[in-house]
Every structure is written in structure tokens, then in C-alpha cells.
Amino acid sequence: MRLKLGRPALGPYADRFDVPAASPGRLGVTFLGVATLLLDDGESAVMTDGFFSRPGLARLARGRIAPDARRIDAALSRVGVDRLLALAPVHTHYDHALDSAAVAHRTGAVLVGGESAAHVGRGGGLPEEQVQVVVPGEPRTYGPFTLTWVASEHCPPDRFPGPITAPVVPPARLGAYRCGEAWSLLVEHTSGHTALLQGSAGYLPGALAGHTAEVAYLGVGQLGVQDEAYLHAYWQHTVRAVGARRVVLTHWDDFFRGLDRPLRALPYAGDDLRATMRVLSGLAADDGIALHLPQVFRREDPWADLPAA
């Protein structure tokens, strides 16, 4: 089997970067790379992950990683965020949770998730009152947002499986950021809008049964190297399970490159966005569902002009 070099171009999908822009005063979602999403209504905000450091391969090769204060501050400043009600890592691999404690410290957010996320928070110096461990399936309310954590799985292969069992104090080795608990995160806002935030391209069959969401933000990292049957099952147990009418794809960008440079797709060595887009585009067309890619740092309204149920 020959290794495919290079990476997919984004040009063929230019028409997919068309999520409607959010109007002032309306609930909006801002994509900030990988699975980091900022949800705000102009007064209150919550965020997933908060991963902004995005260390390059040379830094990773040195063996230990730590949050990059300059990159974190630049990203938060660019989106005008100085306060968050909650910060929710979708799981605790470094490309999700490396900066979670640092962002929570800067914004006053409660870091919320499983025991593994709590250990990331403690290792990052958060006080215990700023760390919350959730009960799966039990809703928690933060201002106008109600969040429900539903147990899920990481997309195979999981290179650092298992829980984090002790505080992770940066700088730490890459493998210290084990996957921990993987979540499907359901969001409901007092405006009535609902969303599924699926940070990893993994699923648990039947886990989302009985839950609904108008919009699904679907992580697709490593999805393009799975067989086609896996992609169909992933769609079935996430998008179809909640009845979403719009899907926005995340976790397709090359996270070894800083947010101060244009986003590009992950290289073929780790993923194949072309294969993902081919299969998911077909599934979305079959179901009459709008399929999009988000623009980084742009506040968007995925609930605007939804296709009919």
C-alpha cells in the first residue's frame, strides 16, 4: 500500500463555506479550529475545548508541550472573549484540552466534563470550585445555555486511550493527555435553538436516542480513513439520531499550524477530507440536509433558513 503524499485542497469545497452570518443579538456559533466552538448570544457565552496553542510538529517532537499564552490571548482577543460561563472539553487529547485550564483561568469559566477533564483543570492550577464533573445524561444550566453530556466514543484509532487519573501539570508529555471520557454534547438555548456538538468522529450506537437537535456540528477528524460503512454508521447514530437539519463539519483542519495562518486540511497521512466529503455529501443529499464547512473566526447562525424537517 503506497502512502499518499500532500493534503486535500479546500478549493473544491468553496461553496460549502456558506453558513449564514449571525446577526447581532442572535445566538451565534464561532468556529475556532479543530473542535473549539464559541456559542454566544451577545451577552453570555460557553465554549468547547478552547484549543489555540496548536503546537507544530517540531515542538511535539521535543517531547513535552504546554499552553502558548501568546496564541491563547491572541485568539480570545480576536473574538472579543473575556468571560465564559462554561468551558467543555469534548475529550482530553491534547488537541482538545491542552489549553482548557488556561482559557478557563482567563475567562472565569467553569471547566466542565469527566474526571479526566477535571484532572487537566487541576493540573493547570484551577481551584476546585472552578472544576465540575458531570453525570452523563444529566442537564446542567449555565445562564441561558443548558448542556447535556452524553457518553460517546473516540474515532478509531485512539492513540492515547484510557482515562487521566492524576493532575496533568504542563509542560507534559503528549501521552499524558489521554482521551478520557468522550462526549456528545447537546446544547439548548433559551431562544429555543438546539445543537449537537460531536467533537470526535466516534459514536455509541443508540446513545443519542430520544435526544433532538436542529443543528449538528460534526467532528470528522480521521473519518476519511475509515471504511464507507463506518461513515454511514456515524451519520446514522449522530445526525439521523437527533433529527438534525443542518450539519457543519469540524476537526478537518491541520492543527499543527497556528490560527494566524489560513486553515488547510489535514494531510493524507492522517486523514482524507475528500473521502469524507464524498460520502457525507451523498448522505446529506439523500436526507435533504444542508452540509457546510465553517469559516474560522466568523460568527455564524446555523439556525437561520433551516431546511424543512
Side-chain angles (χ1 to χ4, degrees), residues 17 19-52 72 75-91 96-97 99-100 103-104 106-113 117 132 134 139-150 152 183-200 208 211-219 238-239 242 244-251 253 259 290 292-306:
F17 290 90
V19 183
S23 302
R26 284 181 57 87
L27 180 63
V29 183
T30 306
F31 173 59
L32 299 171
V34 195
T36 294
L37 297 168
L38 170 67
L39 290 82
D40 82 282
D41 59 11
E43 294 184 1
S44 302
V46 296
M47 182 182 286
T48 56
D49 291 359
F51 174 62
F52 303 118
I72 294 169
L76 293 176
S77 175
R78 186 164 175 179
V79 290
V81 169
D82 57 10
R83 298 295 299 173
L84 291 169
L85 297 175
L87 182 67
V90 297
H91 59 268
H96 298 269
D99 299 335
S100 294
V103 172
R106 283 162 168 76
T107 61
V110 177
L111 182 63
V112 198
Q132 291 182 0
V134 301
R140 288 179 178 246
T141 298
Y142 302 91
F145 296 92
T146 297
L147 309 181
T148 303
W149 285 256
V150 177
S152 186
W183 302 108
S184 300
L185 185 61
L186 292 155
V187 180
E188 182 175 1
H189 186 262
T190 51
S191 62
H193 290 319
T194 56
L196 165 67
L197 312 182
Q198 189 76 17
S200 171
L208 290 168
H211 295 285
T212 60
E214 300 164 290
V215 170
Y217 276 80
L218 210 60
T238 54
V239 177
V242 299
R245 308 200 302 280
R246 171 169 279 141
V247 173
V248 185
L249 303 181
T250 63
H251 209 333
D253 55 305
L259 288 174
H292 307 267
L293 293 165
Q295 297 183 45
V296 69
F297 288 116
R298 180 177 185 256
R299 191 170 179 272
E300 299 177 334
D301 182 355
W303 299 277
D305 305 321
L306 275 178

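Quick note: residue numbers are just sequence positions, from 1. The structure displayed is predicted, hence computed values, not measured ones.
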In chain order, what residues pass the side chain to side chain contact (heavy atoms under 4.5 Å, CB included) check against A304, with sequence neighbours excluded?
P20, D301
L32 side chain reached by F51 side chain, heavy atoms, under 4.5 Å:
no
d(L208 CG, T238 OG1) to nearest 0.5 Å is 7.5 Å
Partners passing salt bridge (charged side-chain N to carboxylate O under 4.0 Å, His left out) against R140 (at least two apart in sequence or in another chain)
none
Looking only at atom types and distance, does a side-chain atom of R298 sit under 3.5 Å from a main-chain N or O of V19, one as donor and one as acceptor?
yes
Between W303 and H193, how do the two ring planes meet: parallel, tilted or perpendicular, split at 30° and 60°?
parallel
Would you call L218 and L197 a side-chain contact if the rule is heavy atoms closer than 4.5 Å?
no
Sequence neighbours left out, what passes side chain to side chain contact (heavy atoms under 4.5 Å, CB included) with V81? Give chain and number order.
L38, L76, V79, L84, T107
The test is side-chain contact (heavy atoms from CB on, under 4.5 Å); show your working for L37 and T30 and say whether it passes.
CA-CA 6 Å; L37 297 168; T30 306; over 6 Å; no
Heavy atoms only: give me the nearest V103-G50 pair and the separation to one decimal.
CG2-O, 3.4 Å
Could you state the interatomic distance from CG (D49) to NE2 (H251), rounded to the nearest 0.5 Å?
8.0 Å
Which atom names give the shortest non-hydrogen contact between A213 and L186, and what distance separates them?
CB-CD2, 4.4 Å
Find the distance between OG (S44) and CG (L27) and round it off to the nearest 0.5 Å.
10.5 Å
Residues at least two apart in sequence or cross-chain that pass side chain to side chain contact (heavy atoms under 4.5 Å, CB included) with S152, listed by chain then number, are S184, Q198
Residues L196, T212; criterion side-chain contact (heavy atoms from CB on, under 4.5 Å); working and verdict:
CA-CA 8 Å; L196 165 67; T212 60; over 6 Å; no
Side-chain touch F297/R78, heavy atoms, less than 4.5 angstrom
yes
Tell me whether W183 contacts the main-chain N or O of G199 through its side chain, where contact means a donor paired with an acceptor under 3.5 Å.
no
Can you list everything that forms a salt bridge (charged side-chain N to carboxylate O under 4.0 Å, His left out) with R83? Sequence neighbours excluded, please.
none
Show your reasoning for whether side-chain contact (heavy atoms from CB on, under 4.5 Å) applies to V34 and T250.
CA-CA 6 Å; V34 195; T250 63; over 6 Å; no
Distance, nearest 0.5 Å, that separates CG of L85 from CG of L147
9.5 Å
Determine whether a donor-acceptor pair (N or O, by modelled atom type, separation under 3.5 Å) exists between the side chain of D253 and the backbone of G33.
no
Take V112 and L87, measure what side-chain contact (heavy atoms from CB on, under 4.5 Å) needs, and give me the verdict at the end.
CA-CA 6 Å; V112 198; L87 182 67; over 6 Å; no
Of all heavy-atom pairs between P302 and V215, which one has the smallest distance, and what is that distance?
O-CG2, 3.6 Å
Check whether E300 reaches the backbone of Q295 with its side chain - one donor and one acceptor, N or O, closer than 3.5 Å.
yes
Residues 31-43 vs side chain to side chain donor-acceptor pair (under 3.5 Å), sequence neighbours excluded, gives D40-R299, D41-H189
Enter the distance from R106:CZ to D82:CG here, rounded to the nearest 0.5 Å.
12.5 Å
Considering all heavy atoms, the nearest W149-G113 contact:
NE1-CA, 4.3 Å
If we only count heavy atoms from C-beta on, is the P89 to L111 side-chain gap below 4.5 Å?
yes
Counting distance only, does the side-chain N/O of T194 pair as donor-acceptor with the main-chain N or O of E214 below 3.5 Å?
yes
